[in-house]
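For ligands, and for the atoms within them, numbers begin at 1 and follow the listed sequence. Fair warning: this is a prediction, and the values are worked out from it, not measured in the lab.
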Amino acid sequence: MTVLPRFSPLLGKARVIPVITLDRVEDAVPLARALQAGGIDVVEVTLRTDAALRGCEAIARECPDLVLGIGTVLTASQIGEARDAGAHFLVTPGTSEKLGHAVAASGIPCLPGAATVSEMVALMEMGFHELKFFPAEAAGGVDYLKSVAGPLGDLRFCPTGGISPANAGTYLALGNVLCIGGSWMVPKAAISAGHWDEITALARAAAALGQ
Ligand code: 3PG
């Protein structure tokens, strides 16, 4: 079986990954710096807005110590765009066979998304062992991850979707959870108002959850 580069060596101390959606390119760097100031070492920027790729380029240039993931990758053409924008790793919300093979061929570490056991098995067949579990809460949450730990014991997950400070600790306590992702520490209102201290405080609390 192909040996694919793993995501886990990129993880730092914080086992919590902010999932960022950027409405304005100019918010990217102050936001990234605010998160780093709170102890966050890995972020995911979603490709859901026009500002995303240019925002990522700015983060890659200005915050070289931050591990930059580019998420919501849905097509093979976005893989090259993400690489050019400085992605250290990729994230997909779900993974078709076509997308999975394209990501595997790129040589870029990836957390391919899966929500069912069959999708997880298909990704294992492609050589992936570290997956995004999305949408975590809606797809069965902590109980689902506990249930797959037996039959799919080699898999490790980054659950995202519906995670908050209230349930984060329960996920992080699972043996098959590498890290968790979520948007609670990057609220839209705080970003648009430039309330970077608020974001640093949220990041600090989030980073402490996984330590
Ligand atoms: C994701 O893409 O992982 C989710 O949008 C993040 O989920 P959340 O907004 O429920 O934290």
Side-chain angles (χ1 to χ4, degrees), residues 7-8 10-11 14-23 27-28 31-32 34-35 38 40 42-53 55-56 59 67-75 78-79 81-82 85 87-96 99-100 103 109-116 119-120 123 128 130-145 155-172 174 176-192 198-199 201-210:
F7 157 78
S8 49
L10 298 172
L11 261 181
R15 291 170 61 218
V16 179
I17 302 181
V19 178
I20 298 168
T21 298
L22 282 173
D23 287 324
D27 292 334
L31 175 60
L35 291 166
I40 292 292
V42 181
V43 298
E44 174 191 334
V45 177
T46 64
L47 290 181
R48 293 178 204 169
T49 59
D50 291 343
L53 283 171
C56 287
I59 292 172
V67 175
L68 174 64
I70 297 191
T72 321
V73 172
L74 292 169
T75 65
Q78 288 176 316
I79 297 169
E81 290 173 352
H88 297 113
F89 69 99
L90 306 172
V91 186
T92 74
T95 320
S96 68
L99 183 60
V103 165
C110 181
L111 288 170
T116 69
E119 291 163 11
M120 292 168 191
L123 286 167
F128 294 102
E130 298 173 350
L131 314 182
K132 165 166 167 147
F133 176 50
F134 178 80
E137 278 293 286
V142 164
D143 286 343
Y144 199 98
L145 287 173
L155 291 184
R156 295 292 177 269
F157 295 94
C158 174
T160 77
I163 300 185
S164 69
N167 58 11
T170 330
Y171 280 98
L172 286 164
L174 298 179
N176 59 354
V177 166
L178 276 174
C179 56
I180 58 174
S183 60
W184 78 87
M185 68 302 270
V186 284
K188 257 183 185 299
I191 297 173
S192 61
E198 179 187 340
I199 288 174
L202 288 165
R204 188 168 291 121
L209 285 169

Trainee: Starting at SG of Cys158, measure out to CD1 of Ile17 and round the result to the nearest 0.5 Å.
Mentor: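 Here the interatomic distance stands at 4.5 Å.
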Trainee: Looking only at protein heavy atoms, identify the closest one to atom 4 (C) of ligand 1 and say how far it is in Å.
Mentor: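 Nearest neighbour among protein heavy atoms for atom 4 (C) of ligand 1, to 0.1 Å: Phe134 CE1, 3.8 Å.
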Trainee: Please confirm whether Gly182 comes within less than 3.5 Å of ligand 1 when only nitrogen or oxygen atoms on both sides are compared.
Mentor: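 No; the residue has no nitrogen or oxygen that sits under 3.5 Å from a nitrogen or oxygen of the ligand.
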Trainee: Aromatic contact between Tyr144 and Phe133, with the criterion being ring centroids under 6.0 Å apart: yes or no?
Mentor: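 Centroid distance Tyr144-Phe133: below 6.0 Å, so yes.
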Trainee: Please name the pair of heavy atoms, one in Leu11 and one in Ala14, separated by the smallest distance, quoted to 0.1 Å.
Mentor: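 Heavy atoms only, the tightest pair is CD2-O, 3.8 Å.
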Trainee: Nearest protein heavy atom to atom 2 (O) of ligand 1, by residue and atom, and its distance?
Mentor: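 Going by distance alone, atom 2 (O) of ligand 1 is nearest to Arg48 NH2, 2.4 Å.
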Trainee: Are the side chains of Ile70 and Leu47 in contact, using a 4.5 Å heavy-atom criterion?
Mentor: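 SC-SC contact between Leu47 and Ile70 confirmed.
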Trainee: I'd like to check which ligand 1 atoms, numbered from 1 as shown, lie under 4.0 Å from a non-hydrogen atom of Gly161.
Mentor: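 Result: 7 (O), 10 (O).
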Trainee: Which distance, rounded to the nearest 0.5 Å, do you find between the CG of Leu145 and the CZ of Arg156?
Mentor: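 The CZ atom of Arg156 is 11.5 Å from CG of Leu145, to the nearest 0.5 Å.
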Trainee: Could you check atom 9 (O) of ligand 1 against the protein and tell me its nearest heavy-atom contact, residue, atom and distance included?
Mentor: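 Ranking protein heavy atoms by distance from atom 9 (O) of ligand 1, first comes Ser183 OG, 2.6 Å.
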Trainee: Should Gly162 be listed as contacting ligand 1, given a heavy-atom distance under 4.0 Å as the test?
Mentor: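 Yes, Gly162 has heavy atoms under 4.0 Å from ligand 1.
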Trainee: Measuring from the heavy atoms of Lys132, does anything fall under 4.0 Å of ligand 1?
Mentor: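 In this structure, Lys132 qualifies as a contact of ligand 1 - some heavy atom is under 4.0 Å.
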Trainee: What are the atoms of ligand 1, with element, lying closer than 4.0 Å to any heavy atom of Thr160?
Mentor: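 Selected atoms, number and element: 1 (C), 3 (O).
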Trainee: Non-hydrogen atoms of Met185 versus ligand 1: any pair closer than 4.0 Å?
Mentor: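 No, Met185 has no heavy atom closer than 4.0 Å to ligand 1.
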Trainee: So do the side chains of Tyr171 and Glu137 get within less than 4.5 Å of each other, counting heavy atoms only?
Mentor: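 The answer is yes, as the side chains (C-beta and beyond) meet within the 4.5 Å cut-off.
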Trainee: Could you verify whether a donor N or O on one side chain and an acceptor N or O on the other, from Lys132 and Thr92, lie under 3.5 Å apart?
Mentor: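 On atom types as modelled, these side chains do not qualify, holding no pair under 3.5 Å.
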Trainee: Does an N or O anywhere in Trp184 fall below 3.5 Å from an N or O of ligand 1?
Mentor: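 Min N/O separation from ligand 1 is not below 3.5 Å for Trp184.
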